[in-house]
There are 2 protein chains.
Amino acid sequence: MTLKIAIAEDNSFLAKAVIEKLSFFNDLDFKFKGNNGAELIGKLEVNHNIDVILMDIQMPEMDGITATEIVKSKYPHIKIIMLTVFDDDENIFNAIKAGANGYLLKEIDAENLHKCILEVINGGAPMTPSIALKTLNLLRNPLIIDNSEEVEKIKLTNRETDILEHLSKGLNYNEIADNLIISPSTVRKHIENIYKKLQVHNKMEAVLIAQKHKLI
Amino acid sequence: MTLKIAIAEDNSFLAKAVIEKLSFFNDLDFKFKGNNGAELIGKLEVNHNIDVILMDIQMPEMDGITATEIVKSKYPHIKIIMLTVFDDDENIFNAIKAGANGYLLKEIDAENLHKCILEVINGGAPMTPSIALKTLNLLRNPLIIDNSEEVEKIKLTNRETDILEHLSKGLNYNEIADNLIISPSTVRKHIENIYKKLQVHNKMEAVLIAQKHKLI
DNA sequence: TAAAAAATAAGGCATTTGTCGTATTGATTA
DNA sequence: TAATCAATACGACAAATGCCTTATTTTTTA
């Protein structure tokens, strides 16, 4: 069984180098690359049959942290390994918070990269030693590390997410209906369904739970 | 003439270290310490013949930012130097807003601390270089210094803030009433007043605006 | 101490929301 | 192709909310 890999990387030389590293192993199948976070997400929209994403951090249009957040909320099954030159606390912490599964520095050699990809697929959290040290330090600092594990991923439809976002802005049923050009009845029905999925009974709770689960 | 110093610090080891630093100089007279902001204010109530307060930020019961606000309003003559491990924008900005006269990091050595205390007494604004840099950046970035400034500070009473916090948790009128042990009618009236102050017309908007203005 | 602000409480009424049930249509999937 | 899902839409009813008025008691401030 081969693992399907996607890459987000703005520097085409580095991207090429990474792809070449991957090509040495026939259990790794490079699928596509995005030149920035947004592009990657756009391509995932078309094909999200991907096992692992190698994600750069600093990219134009959309950085890797933001992209990780979005990918993780939309496709929780995809493993994400940050592959970057930045090893500062801020980035590490944000990447972890965004849901990254691993954090590697770009100097990594092909052999190790291969090993780390396998490791992340097996539920591990591969990272280079220096990063591992920093993560420990971050953990010692009781900053808020959100452990919203895969307790039970709540799945909302696109329309439900739309409506939830409008709800969270403080709009009422009629305003939402106007915005989405559907009838208030439909808005009500959607909200009813959202409440059932989130197991809540009013707007505020719905928004709170949705934010907690990063659904909006 | 000796300067009278008070300290607010929850970690007794750190407090001890600071007091020892002060003891090296005979123009500094350590008066008392509070284990948190509230305690300090309590002790100031008894004796506010103090020139400088060295204030920690993160403390139980009452944090240093809140304490600074209160001390500054009750005893404007007292100079306050934040002495903390936190150098994030948020804290720096809030401390400044609260009226802090200086902002130092805890690693500071005795000599420097002494110098900074004299500096603040002479109307200066002592801060460690890294903090000074961040303050500059904060000033450059006008997005953080938003409308919550002198535009027109919305003032909620304590009770209104209580209720708003409950609202933001998704509780309904009866639940809030139960929690605060008041009648639902009173809760309604408070919420009505909150809406008027924030110029909103429902819970969600109230919470959104309150968060934007950091009222909760 | 007098005045102002804050906290408490109730009644009434229109509007909005939460929860049912039911139903049609197009798209996706097994 | 049959079944399921997603999106659309209405009606009805109870509960909750928003908005107005009035009023008493504490607490704070001038």
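Just the heavy atoms: all of them, side chains too, but no hydrogens, waters or symmetry mates, feed the values below. So that the names make sense, note that chain A is the first sequence line, chain B the second, and so on, each numbered from 1.
- Checked by atom type and distance alone, the side chain of B:Asn122 pairs as donor or acceptor with a backbone atom of B:Leu118 at under 3.5 Å.
- Straight-line distance from the CG atom of A:Leu156 to the P atom of D:dC5: 15 Å, rounded to whole Å.
- You'll find that the side chain of B:Ile182 is closest to C:dA9, out of D:dC20, C:dA9, D:dG18.
- Between A:Glu160 and A:Pro184, the residue anchored nearer the 5' end of DNA chain D, judged by the nucleotide with its closest heavy atom, is A:Glu160.
- Separating the CG atom of B:Leu171 from the C1' atom of D:dA15 is a distance of 17 Å, rounded to the nearest angstrom.
- A side-chain donor-acceptor contact under 3.5 Å links B:Asp27 and B:His114.
- If you measure from atom CD1 of B:Ile163 to atom P of C:dA6, you get 14 Å, rounded to the nearest angstrom.
- Within the structure, a side-chain polar atom (N or O) of B:Tyr173 is placed less than 4.0 Å from OP1 or OP2 of D:dG18.
- The only option from A:Lys79, A:Lys31, A:Lys4 that meets the side chain to side chain contact (heavy atoms under 4.5 Å, CB included) definition with A:Asp51 turns out to be A:Lys4.
- Between the C1' atom of D:dT17 and the CG atom of B:Asn193 lies a distance of 15 Å, rounded to the nearest Å.
- Remark: the A:Arg159 side chain and the D:dT8 base include no donor-acceptor N/O pair separated by less than 3.5 Å.
- Residue B:Thr157 has a polar side-chain atom (N or O) positioned under 4.0 Å from OP1 or OP2 of C:dA7.
- Contact between the side-chain N/O atoms of A:Ser183 and the OP1/OP2 oxygens of D:dC10 is found at a separation under 4.0 Å.
- The distance from atom CD1 of A:Ile191 to atom P of C:dT16 is 14 Å, rounded to the nearest whole Å.
- Within 4.0 Å of A:Asn202, counting heavy atoms only, lie sugar-phosphate atoms of the nucleic acid but no base atom.
- On a pure distance criterion of 3.5 Å, a polar donor-acceptor pair joins the side chain of B:Lys189 and the base of D:dT21.
- Taking the side chain of B:His190 as heavy atoms from C-beta on, and the options D:dC10, C:dA7, C:dC20, the nearest nucleotide is C:dA7.
- Considering only side-chain atoms of B:Lys196, the nucleotide from C:dC20, D:dC20, C:dA10 that sits closest is D:dC20.
- Of the candidates D:dG18, C:dA10, D:dC20, the closest approach to any side-chain atom of B:Ser185 belongs to C:dA10.
- A close approach under 4.0 Å does occur between a side-chain nitrogen or oxygen of A:Thr186 and OP1 or OP2 of D:dA9.
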_Step-by-step side-chain contact (heavy atoms from CB on, under 4.5 Å) determination, B:Ile163 to B:Leu180_ = CA-CA 8 Å; B:Ile163 285 178; B:Leu180 300 180; 3.6 Å; yes
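- A salt bridge does not link B:Lys169 with A:Glu205: none of the charged nitrogens is closer than 4.0 Å to a carboxylate oxygen.
- Between the CZ atom of B:Arg188 and the C1' atom of C:dT15 there is a distance of 12 Å, given to the nearest Å.
- B:Ile194 has its CD1 atom 11 Å from the P atom of D:dG18, to the nearest Å.
- Taking atom CD of residue B:Glu192 and atom P of nucleotide C:dA7, one finds them 15 Å apart after rounding to whole Å.
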